[in-house]
Amino acid sequence: MRLATWNVNSLKARLDRVLAWAADKQPDIFCMQETKLADELVPLLAFRELGYEVAHHGLGTWNGVGIASRVGLDEISAGLPSEDGWADDGGRFVSATCAGIRVVSIYVPNGRVVGSEFYIAKLEWLARLNAWLRQAADPTVPMAVCGDFNVAPEDIDVWDPTAVHGATHVSPPERNAVARMREWGLVDVVRRFHPESGFYTWWDYRAGNFHKNIGMRIDHVYLTEPLADRAVAVERDRDARKPSTYPGIPSDHAPLIVDFADAESSRATPPAAA
DNA sequence: ATGCCATACGTTGTATGA
């Protein structure tokens, strides 16, 4: 079972590349962010040709998140709910159950500049996500929260912690919010498999930053323990960030891929050979 | 390293991103 997540930076502009990549990498569950599409403009037929159903939440122009699955797509929920009835209607949260896994695709607000109204809104959104975890989710149930968190959890996740524009993505309140997600019971599975520094998922388009590895690790796959225990490999597909590998211009983000052992294969006693 | 790029919207520019 293969799970992937990718900030595609416009599914409209990136469609050929995304489809070619999916056909090549064959994710069973494929979370996308920044589709920049309204729900009715999602190219469902193109995904269906590859065997995927798609759940999507987006208003168009900005944001937009989706989950493509070829292992079932049930209990679709769009928008981040909260106790007071507030829900994200900006296209930043969609969830569905796929092959017994609760899958969540998120696009956390950017925040722009520390202290700005956008930064406050980012912290509020992350607080609501934490509240949703504690109210509506269960750390003993297989769940994957995937997407563009717009937070680099540690200094090793950014090329220069002092140089980040406006100091967002690295500020203590943002990092604390993501730490609270881990404290609740989510595992940073990419870190578990790749403790090295400089394992980035985003590089600015400008100034050759990709080739100089001037970037940040801001896209994440956070798993509850029962699912993290099944993970056998984690790949960050740096090739997908290169112009030459797939059709069209690359996104400024690289995809993450997590491979899992089948639920049955973790049994203590393997099935008898046929 | 305050944008040299890329996107959307819409029209030769502005807003946004991280």
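Worth knowing before you read on, the calculation uses all heavy atoms, side chains too, and leaves out hydrogens, waters and symmetry mates. Naming: A, B, ... by sequence-line order, numbering from 1 per chain.
Rounded to whole Å, the C1' atom of B/dG10 lies 24 Å from the corresponding atom of B/dC4. For the C1' atom pair drawn from B/dG17 and B/dT2, the interatomic distance equals 13 Å after rounding to whole Å. Distance check on atom P: B/dA18 versus B/dA6 gives 16 Å, rounded to whole Å.
There is no side-chain donor-acceptor pair under 3.5 Å between A/Ser10 and A/Glu34.
Rounded to an integer number of Å, the gap from A/Trp62 CH2 to B/dA15 C1' is 6 Å. The NZ-P distance, from A/Lys242 to B/dC5, rounds to 21 Å in whole Å. For the pair A/Glu34 CD and B/dA15 C1', the computed distance is 13 Å after rounding to whole Å. Protein atom NZ of A/Lys12 is 11 Å distant from nucleotide atom P of B/dG10, rounded to whole Å. Distance, A/Glu117 CD to B/dA15 C1': 14 Å, rounded to whole Å. Atom C1' of nucleotide B/dA18 and atom CG of A/Asn9 are separated by 11 Å, given to the nearest angstrom. For A/Asn63 and B/dA15, the CG to P distance is 18 Å, given to the nearest whole Å. Distance CG (A/Asp16) to P (B/dT7): 12 Å, rounded to an integer number of Å.
Considering only side-chain N and O atoms, A/Arg206 lies nowhere under 4.0 angstrom from the phosphate OP1 or OP2 of B/dT2. Contact annotation: A/Thr61 side-chain N/O to B/dC9 OP1/OP2 distance is under 4.0 Å. OP1 or OP2 of B/dA18 has at least one side-chain nitrogen or oxygen of A/Asn150 nearer than 4.0 Å. Listed pair A/His253 / B/dA18 meets the phosphate criterion, a side-chain N or O lying under 4.0 Å from OP1 or OP2. For B/dG17, one of the phosphate oxygens OP1 or OP2 lies less than 4.0 angstrom from a side-chain nitrogen or oxygen of A/Arg112. Contact check, A/Tyr107 against B/dA18: a side-chain N or O comes under 4.0 Å of OP1 or OP2.
Taken to the nearest 0.5 Å, the CD1 atom of A/Ile101 stands 13.5 Å off from the OG atom of A/Ser95. In this structure, the separation between CG on A/Leu186 and OH on A/Tyr222 is 8.0 Å, given to the nearest 0.5 Å.
Looking at heavy-atom distances under 4.0 Å, A/Trp203 makes no contact with the nucleic acid at all.
The minimum heavy-atom distance between A/Met143 and A/Leu227, with the atom names listed, is O-CD2, 3.6 Å.
Taking 4.5 Å as the limit, every side-chain heavy atom of A/Arg14 sits out of range of all side-chain heavy atoms of A/Asn7.
The base of B/dA1 is paired with the side chain of A/Asn209 by a donor and an acceptor separated by under 3.5 Å. Contact annotation: side chain of A/Asn110 to base of B/dA18, donor-acceptor pair present below 3.5 Å.
Along DNA chain B, the nucleotide closest to A/Leu11 and the one closest to A/Val108 are compared, and the more 5′ of them pairs with A/Leu11. With DNA chain B read from its 5' end, the first of the two nearest nucleotides for A/Ser10 and A/Ile218 is the one closest to A/Ser10.
Applying the salt bridge (Lys or Arg N to Asp or Glu O under 4.0 Å) test to residues at least two apart or on different chains, the pairs with a partner in residues 215-227 of chain A are A/Asp157-A/Arg217, A/Asp188-A/Arg217, A/Arg192-A/Glu225.
Taking the side chain of A/Ile249 as heavy atoms from C-beta on, and the options B/dT7, B/dC4, B/dA18, the nearest nucleotide is B/dT7.
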